[in-house]
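Working notes, beginning with the structure itself.
Just so you know, residue 1 is the first one in the sequence shown, and it goes up from there. Just follow the structure's listing: the first ligand is 1, and inside any ligand the first atom is 1. Everything numeric in this text was worked out from a predicted model, so none of it was measured.
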Amino acid sequence: MAKIGINIATGSLQQAEMIVGIDLGTTNSLVAIIHPETKKPLALKEHNSSCLVPSVVHFDSFGNATVGEEAKKYLETDPANTIFSAKRLMGKSYNDIKQNASFFTYKVIDNDDEKLVKVQVGKQFFSPIDLSSFILKELKARAEHILKTPVTKAVITVPAYFNDAQRQATRDAGKLAGLDVMRIVNEPTAAALAYGLGLDKESEKTIAVYDLGGGTFDISILKITNGIFEVLSTNGDTYLGGDDFDRTIVEYWMNEFGITNDELHQNKELSQGLRLRAEEAKKHLSFNDIFSVEFNGDNLSISKNKFEELIQPLIAKTLDCCNNALKDAKLDVSEIETVVMVGGSTRVPLVKKFVSELFNQPVHDEVNPDEVVALGAAIQADILAGNNKEFLLLDITPLSLGIETMGGLMDVLIARNSKIPTKVGRQYTTQKDGQGSMRISVYQGERDLVKDNRKLAEFNLTGIPGMPAGLPKVEVSFLINADGILVVKAKELRSEVEQSIEVRPQYGLTDEEVEKMLLESITHAKDDIAIRALVEAKTEGEQILEMTEKFLTKNSSIINKDELIATAQAMQNLQLALTMNDKNLIQTKIEELNEITRPFAERAMDAAVSGALKGKTI
Ligand code: ADP
Ligand code: MG
């Protein structure tokens with residue numbers, strides 16, 4: 001039975017510690033809980049204020065951080081020290097964000113393209129993880145203030161396309177903020193939960209979750225069966241959201257007032273000022289036909305019609321993504337039974353109209369689109385707290401995962417689109433006698449040769465006791481946990497020597513890269529098969545040469561001179577064939593060598609058997 005305590009300081013009843021749900025958004029973040037009495041999800045807020053905490057961090061001249069609405073005010077007056085959209089930088093290198101660099105009005109370090117980005121504020125440097133942890137700390141403090149109890153456990157949501165590195169970074173940010181992150185959950189899954197989808201265990205449903213936030217667009221096709229959530233496909237755009245709607249309005253006004261790009265870049269206050277007015281206009285136009293405001297002595301105005309004309313291409317892009325997601329899930333649009341709208345930008349009437357036209361049905365927007373993800377996270381937290389044990393969440397891996405084997409071949413352990421969590425093990429062995437260590441290189445991708453895939457990690461299993469080649473049994477296991485983080489283990493089963501790593505790639509793949517890798521795997525499929533066959537033949541040839549040599553030195557007594565010469569000749573022929581890229585030739589030479597050595601092997605066996613018999617006394 002759960003213990004209930006009384007907080008002496010406040011007199012309030014304390015349940016066993018609550019796990020909160022957190023939507024750590026690009027634009028806005030918030031915390032939700034399951035209300036202990038009503039058992040309903042609830043977004044936490046102080047009296048008379050919004051539950052949304054803008055994901056903005058401002059640093060004063062002493063380096064002290066403020067977060068949220070207070071910090072957002074500085075976007076105009078102190079842009080260099082005011083960090084917004086930090087989530088877009090999570091797990092990214094400067095290379096990844098280069099073409100959007102002008103979007104950031106603060107200093108993103110650009111002197112190393114490959115490394116993870118940092119943000120410079122005055123003399124201080126912050127990683128996106130640091131910046132996210134400031135936001136999480138603020139959310140934690142707010143929740144504690146409202147609930148009057150310590151909050152140390154949370155479920156945090158991430159976009160479905162976040163890769164391992166980005167999920168890990170989110171987890172680390174939680175840790176830095178003093179939160180024990182119980183689970184990382186995909187935003188669309190959380191949204192579905194908030195709509196109560198899947199909570200009715202009898203039903204089976206295929207749904208689409210359309211999430212247009214401030215900085216990201218995400219479409220997910222989920223299948224819910226017996227309370228199990230399965231992501232059939234995801235698609236989206238990491239650089240498409242309400243911010244881009246704002247930008248079209250800014251550009252429209254720039255045109256109207258003859259403001260050049262250079263002027264805008266040099267005058268950060270002007271750019272931020274226009275950005276904020278544009279956002280105001282956009283929100284206003286969700287419910288009105290015309291917007292106008294005084295700014296620096298000018299009248300900024302825009303009509304709903306004009307706005308809709310401006311954003312039409314952006315919405316069209318999201319519809320393309322929807323169609324791609326349907327294609328990936330191998331579903332016809334008519335098979336989608338429910339469409340759920342998520343994210344503040346889905347308040348724009350034209351967005352709802354287009355999405356409902358595409359899916360041929362009215363869309364669901366009853367739950368507040370700003371809160372829906374956090375509410376779902378709270379429901380998930382409640383499930384984790386043990387109040388709803390029957391539920392399980394399943395997601396998928398976007399690319400295959402495997403290790404490098406002989407000849408640089410990719411040996412896939414977990415195939416693309418596998419459900420997670422998952423665990424797969426496979427046995428390998430050594431190539432050389434007395435080999436004391438084995439290198440395990442982990443790759444991600446669809447190509448047959450590892451050099452065409454992406455290396456995620458590498459480690460050595462050392463301390464394998466000396467044994468003849470082929471005898472050690474090294475079991476390599478891949479475990480992807482429910483957060484989508486991969487743990488690779490290698491264990492020599494005879495000696496129990498073991499090694500493992502958690503795979504945290506330097507930085508992850510963008511959607512485009514994943515797509516490119518998939519495309520390449522299709523284009524090169526034929527070449528890959530041919531190359532794989534060649535590499536396999538070469539490997540086999542090398543192994544047979546080695547084995548034959550070993551055999552000859554051990555068993556010279558049972559082989560006559562002619563046989564020895566014939567064998568040497570066949571070995572030489574095979575050796576030569578190995579230098580040529582001709583699979584058939586290699587296989588012929590392997591066969592020829594086998595023909596010659598087969599009788600020796602039989603003889604050697606007989607000798608061994610009779611030797612064994614000789615030693616026995618009856
Ligand atoms: P994120 O998930 O990226 O943090 P949100 O779901 O909080 O984002 O959505 C934020 C976006 O929603 C912002 O671009 C904001 O301007 C936009 N937004 C909020 N309310 C409205 C509205 N009434 N009409 C149009 N856009 C809105
Ligand atoms: Mg969001």
With a 3.5 Å cut-off and sequence neighbours excluded, list the donor-acceptor pairs that the side chains of residues 274-283 form with protein atoms.
| unit_1 | atom_1 | unit_2 | atom_2 | d |
| --- | --- | --- | --- | --- |
| Arg275 | NE | Gln272 | OE1 | 2.9 |
| Arg277 | NH1 | Gly273 | O | 3.3 |
| Glu279 | OE2 | Lys283 | NZ | 3.4 |
| Lys282 | NZ | Gly242 | O | 3.4 |
| Lys282 | NZ | Asp246 | OD1 | 3.0 |

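- The aromatic rings of Phe126 and Phe59 sit parallel to each other, their planes meeting at less than 30°, with 60° as the upper class boundary.
- The salt bridge (Lys or Arg N to Asp or Glu O under 4.0 Å) pairs that include a residue from residues 187-197 are Lys87-Glu187, where partners are two or more places apart or lie in different chains.
- Around ligand 1, the residues contributing at least one heavy atom under 4.0 Å from the ligand are Gly25, Thr26, Thr27, Asn28, Gly213, Gly214, Gly215, Gly242, Asp243, Glu279, Lys282, Lys283, Ser286, Phe287, Gly343, Gly344, Ser345, Arg347, Val348.
- Between Tyr74 and His58, the ring planes are parallel. Angles under 30° get that label, and only those over 60° would be called perpendicular.
- Taking the ring centroids of Tyr210 and Phe354, they lie at or beyond the 6.0 Å cut-off.
- Partners of Gln99 under the side chain to side chain contact (heavy atoms under 4.5 Å, CB included) rule, at least two apart in sequence or in another chain, do not exist in this structure.
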